Amino acid sequence: MQFIKMQTMNTELKIRDAQLDDAQRLIEIYAPYITETAVSFEYEVPTVDEFKSRIKKIKEKYPYLVCEKNGIIVGYVYASAYSKREAYDWTAATSIYVDKNCRRMGVGSLLYSQLEERLKKIGIENLLAGVAYCEREDPYLTKDSYLFHTKEGYVMAGHLKDVGKKFDRYYDLLWLQKKL
């Protein structure tokens, strides 16, 4: 297991590979994105067993990383196949979630930098991120994810209008792209 440490403001952030035993904590981070926001278009919080299965499947081919702050997982990131077709083997989709109490502390940037290093080593050249979006911020969705991804070097690749419905409202999906 590889650990990457970063010291920030008397806080140690550590990146490591996700383990199946992390599933419960990852659900605790992810659940508010499902139940309180339109960031995730998922409606139901997955069970621990379902989440373990997701981790296991992703780790067969792609990195799945967690960030610990003082020994507690505060965020996670992973890559997955954009498409099963062989021509897309050099492209991966990324997903990132940070504990709502730990945003804007460098966790997301650190996770993405480590994910990108790992992806380069396995030949991934192109990253895609699907980001929920609405023109005007509402109680369920801000522009934070879009702004974070653009800060990380992603650019607009596509804008799908009204493709996700949650909380009785429609949301757009932006496809953002980054070349490694």
Side-chain angles (χ1 to χ4, degrees), residues 6 8-9 11 13 15 18 25-46 51 54 58 62-69 72-83 88 91-120 124-180:
M6 180 181 152
T8 66
M9 296 185 263
T11 300
L13 298 177
I15 303 296
R25 176 64 184 136
L26 301 187
I27 291 170
E28 291 168 5
I29 292 169
Y30 184 47
Y33 288 98
I34 296 171
T35 60
E36 301 169 14
T37 77
V39 169
S40 170
F41 286 170
E42 202 162 356
Y43 284 5
E44 301 293 327
V45 176
F51 216 85
R54 292 178 187 188
I58 287 166
Y62 297 98
Y64 201 127
L65 306 174
V66 300
C67 179
E68 293 181 347
K69 176 183 165 194
I72 305 296
I73 297 173
V74 294
Y76 65 98
V77 67
Y78 60 90
S80 57
Y82 168 68
S83 173
Y88 295 108
T91 298
T94 60
S95 297
I96 186 166
Y97 296 95
V98 174
D99 184 298
K100 64 182 181 178
N101 298 312
C102 296
R103 293 187 204 141
R104 294 181 176 82
M105 296 173 61
V107 172
S109 293
L110 182 59
L111 279 165
Y112 257 169
S113 71
Q114 294 304 308
L115 179 70
E116 290 172 10
E117 279 187 32
R118 300 268 190 102
L119 291 172
K120 285 179 195 176
I124 300 298
E125 300 172 8
N126 192 37
L127 303 179
L128 297 173
V131 174
Y133 186 80
C134 59
E135 291 298 327
R136 293 191 184 109
E137 292 186 3
D138 72 23
Y140 304 107
L141 189 62
T142 67
K143 290 187 168 73
D144 286 355
S145 185
Y146 169 74
L147 294 171
F148 169 75
H149 281 86
T150 57
K151 179 180 80 72
E152 294 297 317
Y154 285 75
V155 297
M156 181 74 71
H159 188 156
L160 307 173
K161 299 266 188 186
D162 297 332
V163 296
K165 186 175 183 182
K166 198 164 177 185
F167 307 114
D168 291 322
R169 347 174 153 216
Y170 286 97
Y171 292 96
D172 297 354
L173 180 67
L174 302 180
W175 275 109
L176 304 176
Q177 179 177 12
K178 182 176 182 178
K179 291 293 215 177
L180 294 180

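If you're wondering where the values come from, they're calculated on a predicted model, not measured in any experiment.
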Quick one: [atom1] on [X] to [atom2] on [Y], what's the gap to the nearest 0.5 Å?
| X | Y | atom1 | atom2 | result |
| --- | --- | --- | --- | --- |
| Y43 | F167 | OH | CZ | 9.0 Å |
| L176 | S145 | CG | OG | 7.5 Å |
| T94 | L119 | OG1 | CG | 8.5 Å |
| Y146 | D172 | OH | CG | 12.5 Å |
| I29 | N101 | CD1 | CG | 10.5 Å |
| Y112 | L65 | OH | CG | 11.5 Å |

Y140 vs Y171, test: ring pair (Phe, Tyr, Trp, His ring centres under 6.0 Å). Steps then yes/no. CA-CA 10 Å; Y140 304 107; Y171 292 96; 7.4 Å; no
Is the OH atom of Y88 crowded by more than 12 outside heavy atoms at less than 6.0 Å? no
Using a 6.0 Å cut-off, check whether atom OH of Y154 has over 12 heavy atoms from anything other than its own residue.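 More than 12 heavy atoms, drawn from other residues, nucleotides or ligands, come within 6.0 Å of this atom.
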Applying side chain to side chain contact (heavy atoms under 4.5 Å, CB included) to Y30 and E42, what does each step give before you reach the verdict? CA-CA 10 Å; Y30 184 47; E42 202 162 356; 2.5 Å; yes
For the pair R25 and E28, evaluate salt bridge (charged side-chain N to carboxylate O under 4.0 Å, His left out) and give the outcome as yes or no after the intermediate values. CA-CA 5 Å; R25 176 64 184 136; E28 291 168 5; 3.3 Å; yes
Tell me whether [X] contacts the main-chain N or O of [Y] through its side chain, where contact means a donor paired with an acceptor under 3.5 Å.
| X | Y | answer |
| --- | --- | --- |
| K178 | E152 | yes |
| S109 | G106 | no |
| Y76 | L111 | no |

If you look at every heavy atom in [X] and [Y], which pair is closest and at what distance?
| X | Y | answer |
| --- | --- | --- |
| C134 | K143 | O-NZ, 3.4 Å |
| K166 | T37 | NZ-O, 2.9 Å |
| I34 | P46 | CD1-CD, 3.7 Å |
| A79 | A92 | CB-CB, 4.1 Å |
| M156 | G158 | SD-O, 3.4 Å |
| G75 | V107 | CA-CG1, 4.3 Å |

Angle between ring planes, Y64 versus Y78, binned at 30° and 60°: parallel, tilted or perpendicular? parallel
Report the residue from K151, R104, K100 that forms a salt bridge (charged side-chain N to carboxylate O under 4.0 Å, His left out) with D144. R104
Is the closest side-chain donor-acceptor distance between S40 and Y97 under 3.5 Å?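 Side-chain D/A pair, S40 to Y97: absent.
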Just so I know, are the side chains of [X] and [Y] near enough to count as touching, which here means a heavy-atom distance under 4.5 Å?
| X | Y | result |
| --- | --- | --- |
| P139 | R169 | yes |
| I96 | H149 | yes |
| T91 | I124 | no |

Side chain to side chain contact (heavy atoms under 4.5 Å, CB included) between W175 and L160, intermediate numbers included: CA-CA 8 Å; W175 275 109; L160 307 173; 4.0 Å; yes
